[in-house]
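The structure under discussion appears below in the form of structure tokens.
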Amino acid sequence: MPKPFNQLVVADMRKVYSDKWCVVEKDELPLSVADMDLPIASEISTALIKHVRDGTLMYSAKQGIPGLKEVVANRLAVRYGWAIGAEQIQPLSATVPGLFLSVSAVTKPGEGVMVQTPVYTPFFEAIEYTGRRIVPVPLSQPGYRVNREALEEGWTPEVKALLVCNPHNPVGRVFTESEIETLANFALEKKLWIISDELHADLVLDGEHRPLANVSSELAQKTVTLYGPTKAFNFAGLKISFAITANRKLSEKMKLRARGSAEAPNTLAQTAALAAYTKADPWLINTLNYLRKNRKRIGEIVAETPDLEWIPPEGTFLAWLDFRKLGLDDPAQNLQELTGLVLERGSRFGKLGEGRGFARLNFGTSQPILDAALDRLQDATAIIRKQV
Ligand SMILES: Cc1ncc(COP(=O)(O)O)c(C=O)c1O
């Protein structure tokens with residue numbers, strides 16, 4: 001039986017071999033890599049244990065185990081009012097390979113791909129490593145909003161696609177209906193393909209998630225959406241995702257090109273996904289409430305810490321903290337050196353200096369661990385204020 005999540009402390013997590021926890025130095029406390037410290041829903045572990053006990057780990061079903069794609073389609077219809085056929089869904093080994101696959105399917109080498117920055121680092125990699133050109137367009141201030149003028153300014157005829165992150169990593173925005181319409185109209189007018197990474201869709205804390213492809217059937221023909229259970233149900237280590245497009249030609253192309261990069265998800269990931277989507281929503285509701293409490297706690301600390309600012313995230317479990325008033329370029333480095341608190345460096349998420357002075361804190365953790373981290377954060381900022 002895992003320990004109750006709310007009682008997890010740093011010493012418990014040190015025994016976990018995850019990317020985030022197994023590399024930390026003795027006294028460090030990582031709130032970095034974007035997965036949550038909480039154990040998976042018992043419905044998911046039961047399904048996984050049963051599958052392993054049954055003893056079959058043969059090649060996984062390329063088009064998904066029976067019912068899986070139908071469950072995804074049904075979920076998108078019920079939660080987001082987005083009606084799609086199961087045949088539009090391509091199961092993938094993970095979302096990042098899906099980013100690479102879709103960028104290379106809709107554009108040619110040398111063409112431009114727009115991204116709204118700051119943004120999740122693999123967006124840049126998927127463009128750059130496939131020989132395309134990154135066209136960064138900063139989200140508008142205040143509040144990291146979608147802005148038509150900024151998009152127009154960044155556009156050139158060589159731009160062929162727009163890569164969207166919604167809900168947004170790292171700033172936690174959930175784009176409003178009018179922002180989604182702005183993106184849709186812009187893309188249609190400029191004849192752009194859209195790749196919309198909606199992996200955090202089930203992690204909305206305020207407001208509503210609106211799938212971009214659902215704006216119109218015309219737009220659906222030009223869009224690949226990436227969606228999956230691993231963030232919300234916290235099994236990123238198993239790896240699975242879904243690429244969704246109404247465009248049949250593109251879908252065929254992506255299936256052919258998936259070979260060697262974004263192939264079928266493994267059997268256990270498929271089993272976990274089916275269990276998550278059919279049985280674990282009550283767990284997700286509790287998790288979202290827990291995350292809201294953590295977000296509130298961060299808000300209290302930010303409010304009482306001079307010169308620290310943020311915009312509370314509307315979705316995700318990521319807080320984009322603004323240390324610029326403290327005069328810091330790379331606050332994550334200062335925090336790590338001063339107190340051993342490990343956050344993600346803001347500079348990783350920008351191309352034009354948009355991440356300078358910021359750090360991303362992952363609050364998908366227990367309250368005791370979050371409190372320990374926030375203590376370190378306050379200690380560090382107090383030391384820094386004395387130094388300046
Ligand atoms: C927006 C976004 N897309 C994709 C990923 C990674 O997804 P996967 O583990 O399925 O490759 C992340 C992980 O942080 C993410 O935040």
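Treat the numbers as computed from the prediction; the structure is a model and nothing was measured. Start at 1 and go down the list; that is how both ligands and their atoms are numbered.
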Hydrophobic side-chain clustering at under 4.5 Å (ILVMFWY, transitive links): who's grouped with [X]? Put none if nobody.
X	answer
Met58	none
Leu99	Leu92, Val96, Phe100, Leu101, Val103, Val106, Val113, Val115, Val119, Tyr120, Phe123, Phe124, Ile127, Tyr129, Ile134, Leu163, Trp193, Ile195, Val224, Leu226, Leu250, Met254
Val204	Val174

Where does ligand 1 get N/O contacts under 3.5 Å from the protein, atom by atom?
| from | atom 1 | to | atom 2 | distance (Å) |
| --- | --- | --- | --- | --- |
| ligand 1 | 3 (N) | Asp197 | OD2 | 2.5 |
| ligand 1 | 10 (O) | Thr95 | N | 2.8 |
| ligand 1 | 10 (O) | Thr95 | OG1 | 2.7 |
| ligand 1 | 11 (O) | Thr95 | N | 3.2 |
| ligand 1 | 11 (O) | Val96 | N | 2.9 |
| ligand 1 | 14 (O) | Lys231 | NZ | 2.6 |
| ligand 1 | 16 (O) | Asn169 | ND2 | 2.8 |
| ligand 1 | 16 (O) | His200 | NE2 | 2.7 |

Q: Please check if any side-chain donor atom of Arg297 sits under 3.5 Å from a side-chain acceptor atom of Gln367, or the reverse.
A: no
Q) Does Phe349 have its ring centroid less than 6.0 Å away from the ring centroid of Phe358? A) no
Q: Apply the test side-chain contact (heavy atoms from CB on, under 4.5 Å) to residues Leu318 and Leu361: give CA-CA distance (whole Å), side-chain angles for both, the deciding distance (0.1 Å), then the verdict.
A: CA-CA 6 Å; Leu318 307 168; Leu361 179 149; over 6 Å; no
